[in-house]
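Report on the structure given below.
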Amino acid sequence: MGLVLLVVIWLITFLSAYFFIAKTWWLPAGASVAAAGIDHHFSTTYILMGAVFVAAQVILGYFVWRYRDRGSASPQAQYSHGNNTLEITWTVLTSILFIGLVLMSSSIWASERFRPAAPGAVQVEVTGMQFAWYFRYPGTDGKFGATNPELQDASAGGEGAIGLDTKDPASKDDFVTGTMYVPVNREVEVILRAEDVIHSFFVPAMRFKQDAVPGLAIHMHFTPITTGDYEIACSQLCGLGHYKMHGILKVVSQEDYDKWLAAREAEKQ
Amino acid sequence: MSEATLPHEMPTVYEPSLFGTYSKKIGMWLFLMSDSLTFGALLYAYSYGRISTPNWPTPFHSESIVNATIMTAFLLTSSLTMVLAVRASAEGNAKSQRLWLLATMACGAGFVLLHGREWSKLIAEGLTLPVFPHPPGHEAAGEFANVAKNVPQFPATFFGLTGMHMLHVTLGIVYLGIVALRRYFIPILLALWLAAWLGTPAYSPFHYGAHVLLAAAVVCSIILWLKPKVYDSSDVEVAGLYWHFVDLVWMFIFPLVYLMSAKIL
Amino acid sequence: MATGEFAAHAAHAHAAPTSWIRKYVFSLDHKVIGMQYYFLALTAVFVGMILSLLMRIHLIWPSATLPFWGEIKPETYLSLLTMHGTIMVFFVLTTAPQGGFGNYFLPIQIGAPDMAFPVLNMLSFWVTALAFIVMLAAFFVVGGAPLHGWTGYPPLSALQSAGPGEGLGADLWVISIALFCLGALMSALNFITTTLDMRAKGMTMMRMPLTCWSWFITAILGLLAFGVLLSAGILLLLDRNAGTSFYVPLVTINGQLAGHKGGSPLLWQHLFWFFGHPEVYIAILPAMGLCSQLLSVFSRKPIFGYKAMVYAMLSIGFLGFMVWGHHMFMSGMSPYTAFAFSIMTMAIGVPSAIKTFNWLGTIWRGRIRFTSPMLFALGFVSLFVSGGISGPFLAQPVLDIQLHDTYFVVGHFHLIMGVASIFGIFAATYYWFPKMFGRMMNESLARWHFFISLIGTYAIFMPMHYLGMAGHLRRYSQLTELNYLHGLVPLQTFMTYAAFVTIAGQFIFLFNLFWSMKFGKKASDNPWEATTIEWTTTTPPPHDNFGGHMPVVNNGPYEYSVPGAPRDYVMQTDPPLAKAH
Amino acid sequence: MEADQIAIALRVAEEQRHHGKGQFFWVWGALLVMTAIEVYLTYQNMQPVRMLTILMGLSLVKAGLIIGYFMHMKFEISRMKWLTMASLVVCLALMMIFFPDALRILSLGVK
Ligand code: HEA
Ligand code: HEA
Ligand code: CUA
Ligand SMILES: [Cu+2]
């Protein structure tokens, strides 16, 4: 029985560990400035925790087999109530390991969340509603116009969906799209809003996730570094359509972006 | 140390209690701890709403404040009579114990009545929750009506907090009644229920609120059936703990809900 | 002096009831109440398990039509999910280990004839049972069960029109939770008082079995946590039905203003998780205590670092109140608070680590007997490590950006809660069954059950971590919409098959349970040669647990293989050992 | 169990009679006075934050008096005093962590 248990535990451990090491299923390739740092910290944590995990399981399996009751063959169990120096050692070690990890990652968190977006950043207002994402651009004046919940009408789509208040001069040139366009290598300031329930704006490739909370306009930022199409998912349960509430983030070169902007403005007139 | 807290001549089969007192009292203290967290959470919800609302209204003026002050006095006095009841029962003076208990209940009832009257007044003046049916006739307009319209947090927190507290006071009265009169209190309770139910107009929240008394009567009967016993001084003391706690909570609700939302013109 | 009055006291040292209804239904006997809790949990867990199976089926065969059920629609999936989570967390993991085994064995293990407040004990069970019925009722009302997940985040959970199931179903859900809080509060204060006041002579705190310590600490957590959930629930109920706006700001739901204003969804998240995190430790602590016990019993070796274990559990309980924010890193909570929370969360890993090391230390140089309880205890350690190790990932906001609300989280809490804690329940069942029913459970069936469960659950829940890494979000009722999910379907399929096998395996347990009640071989008073008090009394224990005389305790709970002792174990009630530890 | 319970209950009852009746009236008076002060302050229409601090200060004192004397926590053994009060205060203090988010609504709130 001891042997069976040893084999089972070890097999489970090695199989589980294998797929992590082989990266069979792994983070999607990162496409933002932050990704590198985050992924690196991921690996660090994996190596440390993986080591602990494997160690703990292997030792467990080994002890189970080594100290099984072999009748008269095995010696009396050792009569000991523990060992304080050991206790203190592993308490200290784990504390260092754990707290150390958080502190290591703190700088990334700070740059992600403490610091506001740089002045020149591209502004996009992202509004989540059951069950779609809408993206508003401030237009030439660089100012977002007023919105008004009374005017919101999802069926209207576009400007209507987010209840853009056309009486406000600043909102004249605002335009709303269903796909998010951003230029590569420029910081993007995302202003997250939700109309009805909590949604969550998740772009795996950008290592970017933030809940969109009704009543709040949360300012966040990220900097895409490779052009391409990336999927946007909603990661906060928001109702029966949660699973199909997705969008596309198109990271394009600066000139393509300008062309696109111009085209939208033209439509607007 | 807690060894010393037990009179030695008594035979004991237990380790001395860690808290050096009898179980019922510890039980009540534990309940009060969790109950104060319940109230705590409500008060935090109130403060949260208040912090996040830029210009919190201050619709309470002299009249309400005076009324609330009188209510507070009632409650404080009831606490005094309560300790006297506890004391009397400790001296084994059953008669004066009962009298003090009844006095306490009277003060408590006074509190509830004043509070109920004020609620009705506020509702009539338009400080209501969407559930409260509108008093028939005049459509309320005025300061309170505006407050209810512009800052829904205000009536919500006001009725939420004071309502929860009023519930506690009411149940406290029932509790004391049972301790003082045991099963003889049940008919009185039912009478009170009928009075409160039939005595209030259908549009008043108390018309249905009154059924709390009915529910209480049922539960109390069940407990008396399961555990028929004479209540002794320890029961009085434990009931006292509950009563004082309800008083204590009011010591926070009164300043936070009334005084901090008052503006004396 | 009023001595006369006190005579009345003696009356309610209740005698054994005679009428059937007072004996089995409204019994005041903690043993009967313990059983009632246990079977409530058993019912609940099988309901929850079937729900999970339906979920798994829908995930990979979205259009499959089931017998008696028909097709599972996306919203139905979410209702299943919500009920699965709620039932499992509240009605299984908060009832079975604490209300069930705690009720039955805490008094016996500390040498008391009953709980401190028998009537309260009975009330708390019936309130809990009522709560369970209300919860199930949500399935059968119009609109069906709520779809807001077990965490019930408003506005989704606060708006009648937010989706199917958010009508009456959601009301019942909230009411059921509130009732459950009341029941949990009553039982919590009962447990604490009993432990403080009713320990037999010689049973000092530091001589209590770790099981009692864990029940005690769990009760403290419950006492302080459920009160908060109660008021959170009341406020939610008000928002839903009284038109208040504690949690709901100005929102439009399918084109209309919801009529709320000025509330904040984050308030609910704070209140809920203030309860929620202590709750998860409520779910694991009893299992921890029990497995410490079993490892010591079946390695015939004193527990490694008894004091360290006690302090570890105490600090887990204490820190458990300071980490709730780790569920809210991405919620829009102030990022500075998030950082503080992440440090506290990492800190709480330390006592858990200490316990793990002590468990390994206990079997080290022991003489392990592979009885069924021991197998599950060992399985618990393995699962606790696997499930816990993902904690430190989630605890770091930077990594949580990617992992939050993905299957990585689902994997984390299923391994540590969905299985480790459940293994605790299994171990407890196999260990105490002889004392409760006077018969042994069938060993070979138990082994089959063990290996199927261990391998099966690893097979279900380990892959969830890979899914999470790849960004597979939780609470997705179909995998068809997002392109990057398509590659992950095979893994999901594998998990579903694993779930089939594992769940089938659970019926072995069910069969063994009821079969052994009737036909198991008769158990002696102390079949495991254990030292704690419950094994000194007859099997099953008499109404007052000890047949009139009260036990007197002389030794610590884990005196195994004492050099020079006649047997390889010294019971707590045996004459005192010369060398005190 | 009953024997102990009776013993302790008797002892507690015993203690009740040792500390004099007078103190209860003093406490009651003090509470009334403090309430009066609070109300008086209200009539001054003070600036809210200062008002709040004073009120909460007084409320805590009142709470202390009620717990200490009316609920005679003052006369319980120190272990009970500290354990119950400490755990309660810690939990209540912890909930202060909500407030930063309440403040965030002022800055991030949708107008
Ligand atoms: C029994 C229940 C239980 C337990 C015990 C735990 C234990 C822990 N949990 Fe878990 N958790 C849940 C149940 C539980 N959790 C649930 C239900 C959720 C999801 C709720 C929802 O959203 O639906 C959740 C979610 C959850 C989150 C939020 C994730 C998210 O939503 O983004 C986080 C984040 O910090 C977290 C962290 C931790 C940590 C750090 C521990 C630590 O206590 C773990 C400590 C254990 C170990 C560390 C492993 C053993 C130790 C060793 C092997 C020794 C050596 C180890 C080292 C030196 C590293 N948990
Ligand atoms: C105790 C907690 C527990 C348990 C045991 C389980 C068991 C299982 N869970 Fe569950 N699950 C949750 C708690 C639990 N779950 C929670 C909290 C959620 C989140 C809900 C939400 O998002 O809102 C969730 C969500 C969840 C999801 C996520 C869905 C999604 O996010 O899209 C899935 C998906 O496969 C799943 C599957 C399963 C399966 C296959 C099982 C099992 O069927 C595996 C096999 C079963 C066992 C090994 C246990 C058998 C136990 C007994 C027979 C004990 C008997 C004895 C007594 C109780 C006395 N669960
Ligand atoms: Cu929007 Cu989920
Ligand atoms: Cu947690």
Side-chain angles (χ1 to χ4, degrees), chain A residues 1 9 12 16 19 25-28 38 41-42 45 49 53 56 59-60 63-64 67-69 74 76-79 81-82 87 90-91 94-95 98-99 102 105 108-109 113-114 149 152-154 195-198 204 207 209-211 213-216 218 231 233 235 237 239-240 243-244 246, chain C residues 74-75 149 153 155-156 162-163 249-253 255 265 300-302 304-305 308 330-332 335 342-343 346 349-350 353-354 357 360 363-370 382 385 389 393 396-398 401-402 405 458 462 466 469-471 473 475-478 481-482 484 561-563 581:
Chain A
M1 182 47 72
I9 293 181
I12 291 175
S16 321
F19 291 109
W25 298 276
W26 198 250
L27 300 160
I38 294 180
H41 190 66
F42 242 115
T45 315
M49 291 300 148
F53 167 70
I59 294 173
L60 177 66
F63 281 3
V64 165
Y67 298 111
R68 70 195 184 283
D69 186 350
S74 56
Q76 260 273 14
Q78 184 201 36
Y79 180 71
H81 286 270
E87 302 280 357
W90 56 54
T91 310
T94 35
S95 323
F98 280 179
I99 306 301
V102 194
S105 66
I108 310 176
W109 180 248
R113 289 294 204 279
F114 294 174
Q152 283 169 4
D153 167 19
E195 266 182 19
D196 36 33
V197 300
I198 305 179
R207 306 288 183 271
K209 182 185 283 148
Q210 172 60 50
D211 283 9
V213 185
L216 289 185
I218 300 172
E231 278 185 299
S235 59
L237 177 57
L240 63 94
Y243 70 100
K244 58 176 180 229
H246 55 60
Chain C
E75 54 270 37
Y153 281 8
L156 183 56
L250 183 66
V251 298
T252 53
I253 191 97
R300 316 307 297 163
K301 189 165 169 293
F304 193 94
M330 301 299 129
S331 68
S342 80
I343 291 185
M346 283 305 225
V350 175
I354 296 176
F357 291 129
L360 294 178
I363 57 174
W364 174 60
R365 297 205 184 158
R367 221 160 172 249
I368 303 174
R369 297 178 182 172
F370 293 104
S382 168
V385 172
I389 216 78
F393 287 82
Q396 303 177 58
V398 177
I401 294 176
Q402 194 68 11
D405 271 336
Y458 263 115
M462 216 9 129
Y466 312 134
M469 290 295 294
L473 295 159
R475 297 165 169 179
Y476 265 35
S477 54
Q478 283 174 28
E481 296 297 321
L482 286 169
Y484 74 86
S561 312
V562 185
H581 286 272

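No hydrogens, no waters, no symmetry mates; every other heavy atom, side chains included, goes into these values. Naming: A, B, ... by sequence-line order, numbering from 1 per chain.
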Which heavy atom of C:Tyr476 sits nearest a heavy atom of A:Ala233, and at what distance?
-> OH-CB, 3.7 Å
Is chain A contacted by the side chain of C:Tyr458, its backbone, both, or neither, given a heavy-atom distance below 4.5 Å?
-> side chain
Is any side-chain heavy atom of C:Val251 less than 4.5 Å from a side-chain heavy atom of A:Val197?
-> no
For the residue pair A:Ser235 and C:Leu473, what are the closest heavy atoms and their distance?
-> CB-CD2, 3.3 Å
By a 4.5 Å heavy-atom criterion (distance strictly below it), what part of A:Ile38 contacts chain C: side chain, backbone, both, or neither?
-> both
Tell me, for A:Val64 versus chain C, whether the close heavy atoms (under 4.5 Å) come from the side chain, the backbone, both or neither.
-> both
Within the side chain of A:Glu231, is there an N or O that forms a donor-acceptor pair under 3.5 Å with the backbone of C:Tyr484?
-> yes
Any side-chain heavy atom of A:Glu87 sitting closer than 4.5 Å to one from C:Phe304?
-> yes
Name the option with the most non-hydrogen atom pairs under 4.5 Å to chain C; the candidates are A:Phe19, A:Phe53, A:Trp26, A:Phe114.
-> A:Phe114
Go through the steps to decide whether C:Ile363 and A:Tyr67 satisfy the test side-chain contact (heavy atoms from CB on, under 4.5 Å), and finish with yes or no.
-> CA-CA 7 Å; C:Ile363 57 174; A:Tyr67 298 111; 5.9 Å; no
Verdict with supporting geometry, C:Met469 and A:Trp25, side-chain contact (heavy atoms from CB on, under 4.5 Å) | CA-CA 7 Å; C:Met469 290 295 294; A:Trp25 298 276; 5.7 Å; no
Could you tell me which portion of C:Pro249 (side chain, backbone, both or neither) has an atom closer than 4.5 angstrom to a non-hydrogen atom of chain A?
-> side chain
Partner chain A: residue of C:Ser477, C:Pro302, C:Ala470, C:Ala308 with the largest heavy-atom pair count (under 4.5 Å) = C:Pro302
Looking at CE of A:Met1 and CZ of C:Arg369, how far apart are the two atoms once the value is rounded to the nearest 0.5 Å?
-> 15.5 Å
Looking only at A:Ser105, A:Ser95, A:Pro28, A:Pro214, the option with the highest number of non-hydrogen pairs under 4.5 Å against chain C is A:Pro214
Could you give the distance from CD (A:Glu195) to CD1 (C:Ile253), rounded to the nearest 0.5 Å?
-> 10.0 Å
Please check if the side chain of C:Tyr466 supplies one atom and the backbone of A:Ser16 the other of a donor-acceptor pair under 3.5 Å.
-> yes
Heavy-atom nearest pair, C:Val385 first then A:Ala56, reads CG1-CB, 3.9 Å
List for me each residue that meets salt bridge (charged side-chain N to carboxylate O under 4.0 Å, His left out) alongside A:Asp196, sequence neighbours excluded, and say none if there are none.
-> none
Top contributor to chain A contacts, counting heavy-atom pairs under 4.5 Å, from C:Glu75, C:Gln396, C:Gln402 = C:Gln402
Among C:Asp405, C:Ile401, C:Leu250, which has the most heavy-atom pairs under 4.5 Å with chain A?
-> C:Ile401
CZ of C:Arg367 to CG of A:Asp69: how many Å apart, nearest 0.5 Å?
-> 4.5 Å
Worked check of side-chain contact (heavy atoms from CB on, under 4.5 Å) between A:Leu237 and C:Tyr153 | CA-CA 9 Å; A:Leu237 177 57; C:Tyr153 281 8; over 6 Å; no
Looking only at heavy atoms, the pair that brings C:Pro335 and A:Trp109 closest together is O-NE1, 3.3 Å
For A:Gln78, is it the side chain, the backbone, both or neither that has a heavy atom under 4.5 Å from a heavy atom of chain C?
-> both
What residue in A:Ile108, A:Leu60, A:Ile9 has the most heavy-atom pairs under 4.5 Å with chain C?
-> A:Leu60
Under 4.5 Å from a heavy atom of chain C, the part of A:Ile218 involved = side chain
For chain A, which of C:Gly305, C:Gly163, C:Gly149 has the most heavy-atom pairs under 4.5 Å?
-> C:Gly305
Given the options C:Gly349, C:Ala162, C:Ser342, C:Ser382, which has more heavy-atom pairs under 4.5 Å with chain A than any of the others?
-> C:Ser382
Specify which of C:Pro265, C:Ala353, C:Gly471 makes the most heavy-atom pairs with chain A at under 4.5 Å.
-> C:Pro265
Kindly give the heavy-atom pair with the smallest separation between A:Gly239 and C:Leu156, and that separation in Å.
-> N-CD2, 3.8 Å
Any idea which of A:Gln76, A:Lys209, A:Arg113 has the most non-hydrogen atom pairs under 4.5 angstrom with chain C?
-> A:Lys209
